[in-house]
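Computed over heavy atoms, backbone and side chain alike; hydrogens, waters and symmetry mates excluded. Whatever order the structure lists them in is the order used to number ligands and atoms, beginning at 1. In this text, all values refer to a predicted model and were calculated from it rather than measured experimentally.
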Amino acid sequence: MFSIDLGDGAQLRPLEPWQAEEFLAHMDRARELVDPWIPWASISTDLATATATLQRYADKQAADTGRLFGIWQEGGLGPAGIGPGGLEPEGGLGPGGLGRESTLVGGTMFVAFDAASGNCEIGCWLEPAGTGRGLITKAVRVLIDWAFRTRGMQRVEWHCDPRNGASSNVARRLGMTLEGTLRSAYPWKGTRRDTEIWAVLAGDWVSGQLSVSGQLSVSGQLSVSEQLSVSE
Ligand SMILES: CC(C)(COP(=O)(O)OP(=O)(O)OC[C@H]1O[C@@H](n2cnc3c(N)ncnc32)[C@H](O)[C@@H]1OP(=O)(O)O)[C@@H](O)C(=O)NCCC(=O)NCCS
């Protein structure tokens, strides 16, 4: 499968309906971390609902209204040790690759993507074994770079609960600006939640050296935005 090297044995790849079984096992590992904040693991509780979640994003991708990517980490992830989730040929799809074990540890998505208005929103999640490694910050940079440079988008938003410090830290690290808080914005787990709106604009990203285009092409092959285009 086409992939983008995030460094340290991590890869960003499309996450598609045929991977529902692997996605469900990952959701089961992620549920405890994700459930307090977003209705994401909770909508994928068995193979049918996990497949439906991935199919919904496949449909969005076909309509150019959203996209979903998984983050795979090679090998084990420390003492917590999680099992292997799949084999990917080493070095891409070249001949003779014996493959390395990799585990789906999280992902990121264009929750919304409106090419006509130039606005989009990015979301993300991890299972515990994937946290604290910068995986989301690196992966979301790739998506933002693609949105601005390849697709000519003008505005990328990030929505999070004000109490979700790990999430707002990602937005801050990416150079986003906190624009405001929607009070009592949506119902979740029997309460109504506020939503912080963070955003970065194309002009800030491109002129402010916030992008990492090229920086992540550690394999010395294509630039990040070129790789993402190839993977579509
Ligand atoms: C939000 C969430 C994805 C953030 O996870 P995270 O591991 O903190 O984020 P990143 O992958 O960007 O990693 C950043 C951490 O790795 C560290 N790090 C290590 N190497 C790094 C690198 N090269 N670049 C950036 N950070 C790096 C950072 O210091 C930071 O750790 P710290 O918080 O202890 O300072 C995670 O908490 C989660 O899945 N939460 C539940 C779902 C959720 O809330 N989703 C978002 C909804 S808006």
Side-chain angles (χ1 to χ4, degrees), residues 4-13 15 23 25-45 53 57 66-74 77-78 80 82 102-113 120-145 156-183 185-189 191-200 209-218 224:
I4 292 174
D5 189 349
L6 296 177
D8 298 324
Q11 294 186 330
L12 185 68
R13 305 180 204 148
L15 178 55
F23 176 63
H26 158 59
M27 282 293 98
D28 286 341
R29 297 189 298 268
R31 219 169 282 291
E32 201 175 327
L33 178 66
V34 171
D35 272 351
W37 305 114
I38 47 171
W40 178 242
S42 62
I43 58 170
S44 300
T45 53
T53 299
Y57 269 88
R67 271 157 216 271
L68 181 65
F69 302 93
I71 298 170
W72 278 263
Q73 179 75 49
E74 276 175 11
L77 284 168
I82 52 178
S102 64
T103 303
L104 179 61
V105 295
T108 179
M109 69 283 236
F110 288 106
V111 179
F113 194 93
C120 60
E121 178 196 341
I122 293 178
C124 73
W125 78 94
L126 286 171
E127 64 179 60
T131 60
R133 297 162 177 261
L135 292 177
I136 288 297
T137 302
K138 289 190 263 187
V140 172
R141 275 205 186 106
V142 173
L143 266 61
I144 295 176
D145 217 52
V156 175
E157 290 187 0
W158 181 269
H159 297 188
C160 73
D161 187 312
R163 293 169 300 174
N164 191 351
S167 180
S168 54
N169 282 344
V170 174
R172 199 172 290 110
R173 266 195 298 273
L174 290 165
M176 292 187 167
T177 299
L178 175 58
E179 297 186 334
T181 302
L182 305 178
R183 294 173 302 152
Y186 66 100
W188 178 233
K189 300 259 174 201
T191 59
R192 291 195 65 84
R193 299 295 181 89
D194 294 351
T195 298
E196 284 183 355
I197 308 293
W198 294 74
V200 59
Q209 306 298 316
L210 292 169
S211 104
V212 290
S213 187
Q215 187 180 323
L216 287 178
S217 61
V218 290
V224 167

* Structure fact -> Near ligand 1 (heavy atom, under 4.0 angstrom), the protein residues are L33, V34, W37, I38, C124, W125, L126, T131, G132, R133, G134, L135, I136, T137, H159, C160, N164, A166, S167, V170, R173
* Check whether the side chains of R193 and T191 place a donor and an acceptor atom closer than 3.5 Å, and report yes or no. => yes
* **Results of side-chain hydrogen bond (donor to acceptor under 3.5 Å, both in side chains) for D35 - residues two or more places apart only** => none
* To do: Under the salt bridge (Lys or Arg N to Asp or Glu O under 4.0 Å) rule, collect the residues that match up with R163, sequence neighbours excluded.
  => D161
* To do: Mind checking side-chain hydrogen bond (donor to acceptor under 3.5 Å, both in side chains) for T137 and listing every partner two or more places apart, or none if nothing turns up?
  => R173
* T108 side, atom OG1; L15 side, atom CG - distance, nearest 0.5 Å -> 11.0 Å
* W72 and H26: side chain donor to acceptor below 3.5 Å -> no
